[in-house]
Amino acid sequence: MRPFRLKTAARGKTFFLKHRGLLIPLFLALLVEATVCQLSFWSTLFQKWTDISGEMEFVSGYVTIEDMETAAAQGNIPADEQGYLHEQDGALLLRWKNMGRKVDRIHLDLDIPEGCLVKAAVFMQDEGNRYIYQLGTGRVLLAGVEENGWMKVYPYGETDNLYLRLETADRYGNAAAGSMGELTVKINGVEINGRMPFALRPARLLFLFALFFLLYGLSERNRFAGVLFEAGKENRSGRRKRRATVWLFTAGLIALAFFFVRMNPSCQKNLAVHHAQYQELAVAISQGRVSVGEADPALLEVENPYDTICLQANGIPYQADYAYYDGNYYVYFGIVPELLLYLPYYLLTGKNLPNYLAVFFFFAGFIAASAGLVYELMKRFFPRLPFYLYGVAVFMLVGSYSYFYLLIRPDLYHVPIAASCMFTAAGLWCYLAGLNRERGKTMLYAAGSLCLALTAGCRPQFVLFALLALPLFWEEVFEKRNLFSRKGAIQTAALALPYAAVAAGLMYYNAIRFGAPFDFGAAYSLTSNDMTHRGFNLERILYGMWYFLLEPARLEAAFPYLKSVSIETDYLGRMVSESSFGGIFACSMLAWPALLLILLRTKKRAECRTVFWTGIASAFVAVVICAADATGAGILQRYSSDISLGLFLAAVIGLFLVAERAMEKKITGAFLTWLKVALILHGVFLFLVLIQTDGSINLLTGDPVMYYKICAMLRF
């Protein structure tokens, strides 16, 4: 048996060494989850719960702190046949007098009807406080989140009198006794000072595994960090593994996008009446029209129909956020998403395509195109960089908090933005793929130009990314002069003709709507301000630069931690704005390499000069779009998505150049330390954006059970 044992041990050791990159992070994640995250369980392991239900007094109705001690107690409150208590006033006080004991933990065992929320507030009189005081802000209880019934409390010494006030609450956890209807609750028991439950959280465990995998995997000693994107004369097996990894990584990101786009049930239907514009346009086009309705005759008599405040004051009906022109309503959002998705779906099924599915389709295309773009970028300019930077770069392009916000709140406004991101990334991908190949250049160039041209039919400002063709093709045009040859004339035509064809189609569409081929109709929007008189203003641009790029995030110690930034200026004019989460550079260290680009210029290789100027051009386009959005439309959260693609593409190029410089100077360790910190902080900020409660549509309003489960997961 001895040889068998030796072979088994050797196989086990070989298996561990081969897979230690996964096994060690998994072990550490399990260890932390079972110990640190279960601190409440281990610290109370030998405690037993004491049932104090028999000592409980009931006081019906809302009772203030001043009246808690003297309020008259009722006897047994009548319950229905299922044991539920019904308080018409929406509040109930539970009281324990003369306890004379230490109270460290409370367990409320309640049954609450599905969809109802109850606020449980704890009040005490103890050794350090003669007068009644409230402990914290209370806890929200609801069906499906039983863990919220376990509370740790921190009184001063022994507790004399204990009070628990239960009252109806809104979804934000604000007590709303009376205004939210009657309080319906079944009290199964109240216990104190027992063992806290052992709660294994799969989501938390997955996060810990990802954290330790990142920390362990990205280290100089780990062979994973040493795998190069292209290892010279590598065998076919190595290339196949690398490509398989690319496919799996891309598929994983798309699966995550599908999960997040469906996470909020509220967004699976139109959030407002005017969010059905693409669906209405599909019906109109199927009937041979491009307008989606006629205006009320009273609107035709108004001197300035775009002054919507005046319309509201005079009771003149209008359709908010439609483009109004010459008595008809039009959709000013780009026509390309309509022709690609909404119209075919309507013609094939007779039904309307939900906006969230359109956002997902285009965002999935954006992920796939970004994966291809980064692959071709590294293949052409950075083949000797570590392979892990490929995954980091793709994540940087598609994982900014601006795009994450599109996913978790998919609505009408985000459809053309997601489509423009997809076409921009796909266009640049095709350009680079053509430059990297000897065959099929003409088709790839034509596809790239077509994709970039189509952005004008989604969100027109994205067409500025076509300027990146100038540095990309500089060597081909001015040094090698390939595009001036007889063969190159075909390729030149392939680059130019798609722009002309798309421009012709869009100009025709604009002309039949607004009588002008270059009028996209955004100025005719019946929105909160008159866009026809907005004009150009430098102050608005400067404020936009600050809030879009540099404004720090607003954080608090209490869940959900991230608060929206209010836009405050001393601009003496109409500043159209919505709350946001902060500037791109202030909220993500991963964007910082874009700021370093100017310091990374090199003359070593022609390829380095090309990619350097491509990064500079990308950042320049982002800044121009930032200025245009700020002065032309306003400072809105979704507009940061227009800017993110250009800045993060510049940041990806900057990251690659920094990594090259770090390898040359043998300071890879410092580079990896910075990168790990940047990735962790970026991931944390995405999580904060997920659970934030800004606006009327968020995770809390859409799925309160999920929201409060996440809240409970962060308690130890």
Side-chain angles (χ1 to χ4, degrees), residues 52-53 55-80 82-97 99 103 105-125 129 131-153 155 159 161-192 558-560 693 700-701 703-705 707-709 711-712 715:
I52 58 172
S53 303
E55 309 168 33
M56 180 169 53
E57 292 182 353
F58 293 94
V59 180
S60 297
Y62 184 85
V63 180
T64 63
I65 294 180
E66 293 77 15
D67 297 329
M68 283 183 180
E69 192 171 3
T70 58
Q74 282 79 35
N76 292 327
I77 298 179
D80 61 21
Q82 295 180 327
Y84 282 92
L85 306 178
H86 300 270
E87 286 295 320
Q88 298 298 325
D89 293 333
L92 176 66
L93 182 69
L94 311 180
R95 183 170 64 190
W96 290 264
K97 287 189 172 183
M99 296 184 71
V103 177
R105 294 167 300 283
I106 300 173
H107 176 215
L108 276 174
D109 186 3
L110 308 179
D111 286 341
I112 300 170
E114 196 78 26
C116 296
L117 281 76
V118 174
K119 182 73 170 286
V122 183
F123 304 83
M124 280 190 183
Q125 288 171 300
N129 297 275
Y131 295 102
I132 302 173
Y133 70 101
Q134 184 174 353
L135 283 69
T137 58
R139 184 71 58 80
V140 175
L141 309 176
L142 68 163
V145 193
E146 290 76 13
E147 46 267 62
N148 274 10
W150 309 82
M151 295 179 280
K152 293 189 292 184
V153 294
T159 299
N161 297 322
L162 170 64
Y163 308 87
L164 290 173
R165 184 166 66 198
L166 307 178
E167 53 189 314
T168 54
D170 61 19
R171 289 190 171 183
Y172 288 92
N174 300 314
S179 63
M180 300 294 293
E182 71 173 15
L183 172 67
T184 303
V185 65
K186 180 180 179 181
I187 303 176
N188 299 315
V190 181
E191 302 172 308
I192 59 171
F559 188 86
T693 56
L700 174 56
T701 58
D703 191 348
V705 172
Y707 176 85
Y708 285 108
K709 276 187 173 294
C711 179
R715 292 193 294 266

Of all heavy-atom pairs linking Ala73 and Arg95, the shortest is CB-NH2, 3.5 Å

Here the gap from Thr64 atom OG1 to Leu93 atom CG, rounded to the nearest 0.5 Å, amounts to 10.0 Å

Output for pair (Thr701 OG1, Asp170 CG), nearest 0.5 Å, gives 11.0 Å

Pairing residues for Arg105 by the salt bridge (Lys or Arg N to Asp or Glu O under 4.0 Å) criterion, not counting sequence neighbours: none

Sorted by chain and residue number, the salt bridge (Lys or Arg N to Asp or Glu O under 4.0 Å) partners of Glu147 (sequence neighbours excluded) come out as Arg201, Lys709

Pairing residues for Thr137 by the side chain to side chain donor-acceptor pair (under 3.5 Å) criterion, not counting sequence neighbours: none

Keeping the roles fixed (side chain from Asp80, backbone from Tyr84), state whether a donor-acceptor pair exists under 3.5 Å. yes

Under a 4.5 Å cut-off applied to non-hydrogen side-chain atoms, are Leu108 and Leu141 in contact? yes

Given side chains that start at C-beta, do those of Leu183 and Glu167 come closer than 4.5 Å, heavy atoms only? no

Distance-only, no hydrogens or angles: does the Arg139 side chain make a donor-acceptor pair with backbone N or O of Val118 under 3.5 Å? no

Just how far is it from atom OG of Ser60 to atom CD of Gln88, taken to the nearest 0.5 Å? 10.5 Å

As an exercise, state the distance from NE2 of His86 to CG of Leu92, rounded to the nearest 0.5 Å. 12.5 Å

Asn188 side chain reached by Asp111 side chain, heavy atoms, under 4.5 Å: yes

On a heavy-atom basis, the closest approach of Thr184 and Pro113 is O-CD, 3.3 Å

Sequence-distant partners of Thr159, side-chain contact (heavy atoms from CB on, under 4.5 Å), two or more places apart: Met99, Val103, Met124, Pro155, Leu162

Given Leu94 and Ile187, is the side chain to side chain contact (heavy atoms under 4.5 Å, CB included) satisfied, shown in steps? CA-CA 10 Å; Leu94 311 180; Ile187 303 176; 3.9 Å; yes

Do Val190 and Asp109 touch side chain to side chain, with heavy atoms closer than 4.5 Å? no

Is the side chain of Arg165 donor-acceptor paired with the backbone N or O of Ala91 at a distance under 3.5 Å, no angle test? no

For residues Val705 and Gly144, report the shortest heavy-atom separation together with the two atoms involved. CG1-O, 4.1 Å

Please report the closest heavy-atom contact between Ala143 and Ile112, naming both atoms and the distance. CB-O, 3.6 Å

Where at least one partner belongs to residues 112-125, residue pairs that pass side-chain hydrogen bond (donor to acceptor under 3.5 Å, both in side chains), sequence neighbours excluded: Glu69-Gln125, Gln125-Asn161, Gln125-Tyr163

Qualifying residues under side-chain contact (heavy atoms from CB on, under 4.5 Å), relative to Gln134, sequence neighbours excluded: Ala121, Phe123

Rounded to the nearest 0.5 Å, how far apart are CG of Leu142 and CG of Leu110? 11.5 Å

Ring pair (Phe, Tyr, Trp, His ring centres under 6.0 Å) partners of Phe58, counting only residues at least two apart: none

Quick one: does Tyr707's side chain get under 4.5 Å of Thr693's, heavy atoms only? yes

Could you tell me which residues satisfy side chain to side chain donor-acceptor pair (under 3.5 Å) with Tyr133, sequence neighbours excluded, listed by chain and number? Asp126

Can you find a pair of side-chain heavy atoms, one from Glu182 and one from Glu87, that are under 4.5 Å apart? no

Side-chain heavy-atom pair Leu164, Val122 within 4.5 angstrom cut-off: yes

Does Tyr708 reach the side chain of Leu700, with side-chain heavy atoms less than 4.5 Å apart? yes

Among all residues two or more places apart in sequence or in another chain, which pass the side chain to side chain donor-acceptor pair (under 3.5 Å) test with Lys186? none

What pairs with Thr70 under side chain to side chain donor-acceptor pair (under 3.5 Å), at least two apart in sequence or on another chain? none

Test ring pair (Phe, Tyr, Trp, His ring centres under 6.0 Å) applied to Trp96 - qualifying residues, sequence neighbours left out: none

